[in-house]
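Shown next, in structure tokens, is the structure this report addresses.
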Amino acid sequence: MLNSAKEVVCQSYGNPSSLHFAGQEAKETIEWSREEVAAALGASSSEIIFTSGGTEANTLAYLDILGKFVKITTAVEHSSISKCFSDFVLPVSAKGFPDFNMLEDLLKTFDRPSLVSVMMANNETGVISDPENILLELKDKYNFVLHVDAVQGFGKLPIDINSMPIDLLSISAHKVHGLKGAGALFIRKDLEDYPQPLFVGGSHERNYRPGTENQIGIYSLGYMANKMHLDSFYKERTVDIKQKRDSFESKLADISELNGDQTHRTCNTSNLYFPDITDLDLFLELLSENGVAASGKSACTSGMPAPSRVLKAMFGEGSPRLDGSVRFSLSVNTSDEELSDAVSIIRDTVEQCVQLQEFKNE
Ligand code: PLP
């Protein structure tokens, strides 16, 4: 088998659907990746469908084009879920946890099959939606199909499909440092007649996802999934990053407040509210000019930045947190030196921004 990214990029010209040797060689890399992804999730390889990323995996899992289900999700999902029609949207607390009591009340009343989609961890705050595994208890009591958007959880939180009655689960390659434009959907094998493919075409990916496979993107996902077997993988990506993130936050604690639950969140995300900031666009622009890449708003359909839907759901429409909160993301590649530089730049930028805000308001 081709066994390096360079070989896959430069030498693998066969179409994985072709029966000749070049096609079969390409297919081998895809099937190897499928096994690696399955192993990282505790699934079987026949339950993994490759997609163009988390967005497609989520849409495939939750769109329900035949309208079989009553659909329920939460108010803080990624737009690839929130823009699929839902019958019910669960509110979240100020800490970012969905209202699972409301979910249970709803589940009691349905006489139609239901599909529930809840993210494993939030992309803006890192908050883990269900740290107490309430959903899994509800799954035992009520018969519903459960989709989990694990795009932010994969590679950071333990996932063992065998011990979790999840029916569908989405992941994305670029969130674990694979290539952008590849992802996968786990589809439990006993799930019948669902989901329906989003595209028409060939019979690739067990008829769930027609189209010639993005071999190099898929290989990048398999390659990273393979690394997850190493003991060092989780340590570097959880314990070490968390230590750096906590120290980063403590050095800004006198000028900022955390958004979301302090304890139950992914190790790399820091969503901070700066009470002195009232002009978020200006703050983000200055941070970027000064060399800190941070995000504060989500891009809405018109391309204009809109206030964060997630913070709105947590704190309400009129909250000052919508105008003064910024998300910082750390990675395994973030050095201590970069972090201490970032802290100084952020402190200076807050001061600069306060002066400019005052000047604008005079
Ligand atoms: N779900 C979550 C929670 C995400 O954070 C993202 C991307 O940021 C997606 C889905 C979409 O994944 P992709 O960018 O691979 O389409």
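What's counted below: heavy atoms across the whole structure, side chains too, no hydrogens, waters or symmetry copies. Atoms within a ligand are numbered from 1 in the order they appear, just like the ligands themselves.
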Specify side chain, backbone, both or neither for [X], according to which of its non-hydrogen atoms lie closer than 4.0 Å to ligand 1.
| X | value |
| --- | --- |
| Met119 | side chain |
| Lys175 | side chain |
| Asn122 | neither |

Out of all atoms in ligand 1, which are within 4.0 Å of some heavy atom of [X]? Include the element for each.
| X | value |
| --- | --- |
| Gly53 | 15 (O) |
| Asn58 | 1 (N), 10 (C) |
| Ser172 | 13 (P), 15 (O) |
| Gln152 | 3 (C), 4 (C), 5 (O) |

Q) So, are Glu124 and Arg327 salt-bridged, with charged N and O less than 4.0 Å apart? A)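 No, no charged N to carboxylate O under 4.0 Å.
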Q: Verify whether the ring centers belonging to Tyr194 and Phe69 lie closer than 6.0 Å.
A: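 Tyr194 vs Phe69: aromatic centres under 6.0 Å.
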Q.
Quick one, Gln24 and Ser18 - any side-chain contact, counting heavy atoms below 4.5 Å?
A.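 Contact flag for Gln24/Ser18 side chains = no.
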Q.
With a 4.5 Å cut-off on side-chain heavy atoms, are Ile72 and Leu103 touching?
A.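 Yes; the side chains approach each other to less than 4.5 Å.
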Q) Can you tell me which residue and heavy atom of the protein come closest to atom 2 (C) of ligand 1, and the distance to 0.1 Å? A)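 For atom 2 (C) of ligand 1, the nearest protein heavy atom comes out as Asp149 OD2, 3.4 Å.
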Q. Without hydrogens or angle criteria, can the side chains of Ser12 and Glu7 be said to hold a donor-acceptor pair below 3.5 Å?
A.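 Per modelled atom types, Ser12 and Glu7 side chains form no pair under 3.5 Å.
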